[in-house]
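Chain naming here is simple, since letters A, B, ... match the order of the sequence lines and numbering starts at 1 in each. These values consider heavy atoms only, across backbone and side chains, with no hydrogens, waters or symmetry-generated copies.
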There are 2 protein chains.
Amino acid sequence: MRSCKVLVDGRRQITGFYFVDDIFGVEPGLAHRLSAEATRATRAVAYLQPGSAGGLSRLDDRLSRDAITSAVTDLGRSHEHAILLGRKTAIEKVASFLLDTAERMRSDTFELPMSRLDIADHLGTTIETVSRIMAKLARDGVITLQNGRRAIALRNKAALCRLQES
Amino acid sequence: MRSCKVLVDGRRQITGFYFVDDIFGVEPGLAHRLSAEATRATRAVAYLQPGSAGGLSRLDDRLSRDAITSAVTDLGRSHEHAILLGRKTAIEKVASFLLDTAERMRSDTFELPMSRLDIADHLGTTIETVSRIMAKLARDGVITLQNGRRAIALRNKAALCRLQES
DNA sequence: CGCATCATTGAGCTCGCTCAACCGTCGTGG
DNA sequence: CCACGACGGTTGAGCGAGCTCAATGATGCG
């Protein structure tokens, strides 16, 4: 799943991706200010805030506890994402993204579950830039691309870490 | 207060500013991954996680509840900040920043509590760009600058809203 | 007064965006 | 079975928003 915000003129920012068993959508207040969409066929379970005025009630039960943990985890990720968006160069953004994705997929070889457009809108760049940089990384032997370019294998994580700069 | 992350080479991203009575510093796990600094003389109160393994324990007491609320509020702000960093132009960033600050200060006339460098590092730009854009906004009569350029008065909020694009 | 710090302003350059063409894959219908 | 179009991805060329470098101005402090 991706959760995103869009500006009136259509510019889009994907605030985060969610993988299996991730919890998402915890927001302050009643109104949801961002939307979540599936990037592919997905099964999701909805937990609705019980009737009470929509505040953070019933903190004592297990679900609320998980929701809070997820919000705090998300917050940490958001902070990491902020420095990526605000201060990293295009190549550093892609390197960070690949390392982060590999970690969340628990494998150095994986199929990206999202399109280049989704990646670009997550990293605050364009599809062309993502494409060019992935091509360069492949040329340099740092990664391998296959099969419609969605399948990725990290060949040299040390080099990626060096590129990511953080 | 400002909370920020820095890359190895010194590039800095300020993830957020905190004003009077704001709670900050809620983070996943034991290790703090970002640092908080005062932008001027400040009195802060520290709440230490009670001995227990550092998880989100004792959810039932008042303080934890406030901490959770602050984390969720921060998360919402982070998402707003992400689209600013990733998708807005320099002038839109500054317009958003001014409107947001006015709202948090509850006044259209205020003294900025942080330097241009802090603003730039928050918006993912440079001091020069911030300076140039503020000058332009003043030239256009949208804002007024005085007194060492820290004092700001919003003269035309409608115009700022139009500039901010969200 | 001199120095340090913060902010402004100018000039030139660069990274990444825009625009555009092209390629490969897939699914659909004749 | 193949032609076709749609879609996602790649690649090239040129351009411009914003960065870098540099000089100057304003303010405050010892």
Exercise. OP1, OP2 of dG16(C) versus side-chain N and O of T126(A): anything below 4.0 Å?
Worked result: no
For this session: Look at the side-chain N and O atoms of R132(A) and state whether any lies under 4.0 Å from the OP1 or OP2 oxygen of dT10(D).
Result: no
Exercise. Under 3.5 Å, is there a donor-acceptor pair between the T129(B) and T126(B) side chains?
Worked result: yes
Exercise. Once you round it to whole Å, what is the distance between P of dG18(D) and NZ of K93(B)?
Worked result: 8 Å
Problem set entry | Protein-nucleotide distance (R87(A), atom CZ; dC19(D), atom P), rounded to Å | 8 Å
For this session: Write down the distance between CG (L145(A)) and C1' (dT25(C)), rounded to a whole number of angstrom.
Result: 16 Å
Seminar exercise, completed: Between the CG atom in L117(B) and the OG1 atom in T39(B), the distance rounded to the nearest 0.5 Å is 12.0 Å
Exercise. Will you find, in the side chains of K93(B) and T125(B), an N or O donor that is under 3.5 Å from an N or O acceptor?
Worked result: no
Exercise. dC15(C) P sits how many Å from I91(A) CD1, rounded?
Worked result: 12 Å
Exercise. Please give, in whole Å, the distance from dC7(D) P to R40(A) CZ?
Worked result: 17 Å
Exercise. Tell me: CD of E128(B) to P of dA17(D), nearest whole Å?
Worked result: 18 Å
For this session: Taking all non-hydrogen atoms of both residues into account, name the closest pair between L160(A) and A95(A) and its distance.
Result: O-CB, 3.7 Å
Exercise. Rounded to whole angstroms, how far apart are CZ on R11(B) and P on dT20(D)?
Worked result: 10 Å
Seminar exercise, completed: Rounded to whole Å, CG of D121(A) lies from P of dC17(C) at a distance of 11 Å
